[in-house]
Structures are given as C-alpha cells and as structure tokens.
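Values below: every heavy atom of this structure, side chains too, minus hydrogens, waters and symmetry copies.
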Amino acid sequence: RDRRCTMSEQYIEAHVHMDAWDAATKRRIRESGVAQYWVMDISHPQLNTKNADRKTILRAAHDMPGRIIPFAMIQWGADERQVEAYFRAGFTGLKAIVPPKPYNDNAYLPIYEAAAHFAMPILFHTGIIAHSNDTVKEPLRRGYGPANMEPAFLATIADMFPSLELIGGHMGFPYTEQTENNLYYYPNIHHDISGYVSLEWLMSVLERRACAYLGGARFFHEKLLLATDLFIGNKNSELWGKEKREAWRLFFKYLAYNHSWSLEADNIFYRNAKRLMDKVQRRQASIRARLKRKRSGPGTAIVKKRGTR
C-alpha cells in the first residue's frame, strides 16, 4: 500500500516563540492541530526584544500542560544556579542564543553540567542570525552574528555531557558540513528544520546513516525535528507557521515521493520530537519526585561546583 496516502496529520513544533497569551490565542492553539509547542524564551535584555516574558510562558504551560513546553533562555552573565532556578520554576528546557563567547567555551561548562543534572534539553541557535536591533553594541555582554554559534561547538558539549540532549536550532547555515558531523557522530544531538534550509542540501543528507558506534538513531531523518519558528500570540505568524507546515507536508508527499526518506515524514513532523520529549519528561519526573522526597528548599544547592567532591 502507498504510504503517501496514509501520512498522518500530527505535528510537534519543536522551536517556536511567544508574543502574547490571551483567550483568542488559546482558542487558536487548541484548534491548530499541533500536539506540542516547544516555546523558547527570548525576553532577556540580551536580545532587546518585546516578547512574552518567562512568567507568561510558564502560565501558558500551566494552562495547557503537555501542549506548551517551556524553555528558559540562558543568561550568559549568570552562573549555573540559574538552571536549578528555572527547573524549580517549572521550565522543561533551556534556550541558548547570542553568547559573547563560543558555545563550547569553558566558562559555560558548569551551566551545561547543571542542565544534564536536571535532564533539561538545550536548544542552541546555530548559524546565521538577523541583524541586531541594539542601539548600543555590547560585545562583552552578547554576541553578534553567527561567529559564536557554529554547530561544531555543540559537538564539544555533546561529548562532555552524553546524557544531555542538545538541539541545533535551525540547520546551521552556512556551516551545514558541521551540522552533518553533529548528526552523524553524536547520538544526543538533534537539529530542527526551521529557518533557512537549502533543500538541495537537505535532500542529499536525509537518507544518510548515523554512526552506529555509540548507538542512538540509525538515520539522519530520525534526528530532525519539525519547527517553523513562529510566534504564538501573533495571528499572522501563527498562520505563516500553519502554511509552512502544510508546505513541508506537500513537499514530502508529492515532490520527494521517489526518495526512500519521503516515507519518514511522520518521524520528522512528530515521532522524533515525541520520543525525545517523552524521554526528557520521564527523567525529569524522577528528578522532581526525588527533590520532593528530600524536601529541598529553593536555596539548597543541588549541583556541586566542578572539581568539588
């Protein structure tokens, strides 16, 4: 039977943002047909944007548990204690963007160690980024352009913290050879397909096998996640995201039908993200239960400093 005729209509949006959370937005999200939205906090002054703040994102996650998955933005000027604070507040993951140093700089390793401890996946923006709207440039406070956000920097982190789930936000253009290396060698690195994507490049790598040395996914198409980078609470952006999801579905159904990986669209649209988030939430449920049993107060240090016993 032709599996193109039985392609499901399930989606998980693995990389979105939020502008607002009101009654009309809630109604649209319920009617969207999207099973989950992984919402990235970008409200920090590092980005000089006017989007929904962390409290609003957490309120949305509380209103729609299981559908809104909240990710808090890493503050590069703060230490690893921010990770525990985000976890206790109710965030599931972390968002990394515009670091003043490369992602794999030793100064950031305690943050990643804490993320691994709390089983918090990190979505790293990789590759090109829009021109900043900063009126005053502060390169010691935040990065500019893609220089500190190359996909290869994730390989260092994945190697050092093999239990930490990493997601390369976007495909890392123009460093797509580095993205290929991530997908091939590191079981704990995924990438989403939002942002600029060269279809010729994507079609050339979708059927590639991943390295079997450390286990994990067998093929690249098992490590890619649907995302459109839309803004919840912005009706036009939500419509744009819906159109792009449909465009991807039509691409796999009609334009890529003679490639073996065209039959794996449901993995990219839904199953890969579902497996990843189910794994994360099982681990976090165990951690939260352990913390509850210990009745640890918010000031109790859970993560030890690197090099201490």
Should [X] and [Y] count as side-chain neighbours, where that means a heavy-atom distance under 4.5 Å?
X	Y	result
Arg88	Phe118	no
Asn267	Phe219	no
Glu264	Phe220	no
His125	Met40	no
Met171	Trp201	yes
Glu13	Arg245	yes
His221	Ser262	no
Asn188	Glu165	yes

Under a single-linkage definition using a 4.5 Å side-chain heavy-atom cutoff for Ile, Leu, Val, Met, Phe, Trp and Tyr, are [X] and [Y] assigned to the same hydrophobic cluster?
X	Y	result
Trp248	Val34	yes
Leu94	Ile129	yes
Tyr185	Tyr175	no
Met160	Leu154	yes
Ile122	Leu109	yes

Please round to the nearest 0.5 Å and tell me the distance separating atom [atom1] of [X] and atom [atom2] of [Y].
X	Y	atom1	atom2	answer
His15	Phe71	NE2	CZ	10.0 Å
Met277	Ile12	CE	CD1	8.0 Å
Glu222	Arg209	CD	CZ	10.0 Å
Asn236	Glu238	CG	CD	9.5 Å
Ile167	Thr126	CD1	OG1	11.5 Å

Can you establish whether the number of heavy atoms outside [X] located under 6.0 Å from its atom [atom1] is more than 12?
X	atom1	answer
Tyr144	OH	yes
His259	NE2	yes
Lys26	NZ	yes
Arg218	CZ	no

message = Can you give me the closest heavy-atom contact between Met149 and Pro99, atom names plus distance?
response =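 Of all heavy-atom pairs spanning Met149 and Pro99, the closest is CG-CD, 3.7 Å.
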Least distance between heavy atoms, Ala52 atom then Ile57 atom =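 Here Ala52 and Ile57 meet closest at O-CD1, 4.2 Å.
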ask   = Salt bridge check: are Glu138 and Arg142 linked by an N-O gap of less than 4.0 Å?
value =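 Arg142 and Glu138: not salt-bridged.
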message = What I want to find out is whether Asp53 reaches Lys55 closely enough, with some N-O distance under 4.0 Å, to be called a salt bridge.
response =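 Here Asp53 does not pair with Lys55 in a salt bridge, since their nearest N and O are not under 4.0 Å apart.
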Between [X] and [Y], does any side-chain donor sit less than 3.5 Å from a side-chain acceptor?
X	Y	value
Gln281	Thr92	no
Ser194	Lys244	no
Asn182	Thr179	no
Gln82	Gln75	no
Asp192	Trp38	no

key: side chain to side chain contact (heavy atoms under 4.5 Å, CB included), paired with Lys101, selected from Trp76, Phe153, Tyr108   =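 In the set Trp76, Phe153, Tyr108, the residue that makes a side chain to side chain contact (heavy atoms under 4.5 Å, CB included) with Lys101 is Tyr108.
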ask   = Is the cationic atom of Arg288 (NZ for Lys, CZ for Arg) positioned less than 6.0 Å from the six-membered ring centroid of Phe87 and within 45 degrees of its normal?
value =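 Yes; both conditions hold, so Arg288 lies above the ring face of Phe87.
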query = So Thr156 and Asp159, side chain to side chain donor-acceptor pair (under 3.5 Å) or not? Walk me through it.
reply = CA-CA 5 Å; Thr156 306; Asp159 198 323; over 6 Å; no
query = Does Met73 offer a backbone N or O that forms a donor-acceptor pair with the side chain of Tyr86 under 3.5 Å?
reply =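 A pair under 3.5 Å: yes.
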key: Worked verdict on Ile232 versus Met18 for side chain to side chain contact (heavy atoms under 4.5 Å, CB included)   = CA-CA 4 Å; Ile232 291 174; Met18 182 173 286; 4.0 Å; yes
request  = Apply side chain to side chain contact (heavy atoms under 4.5 Å, CB included) to His117 and Glu84, showing your working.
outcome  = CA-CA 9 Å; His117 180 88; Glu84 181 179 349; over 6 Å; no
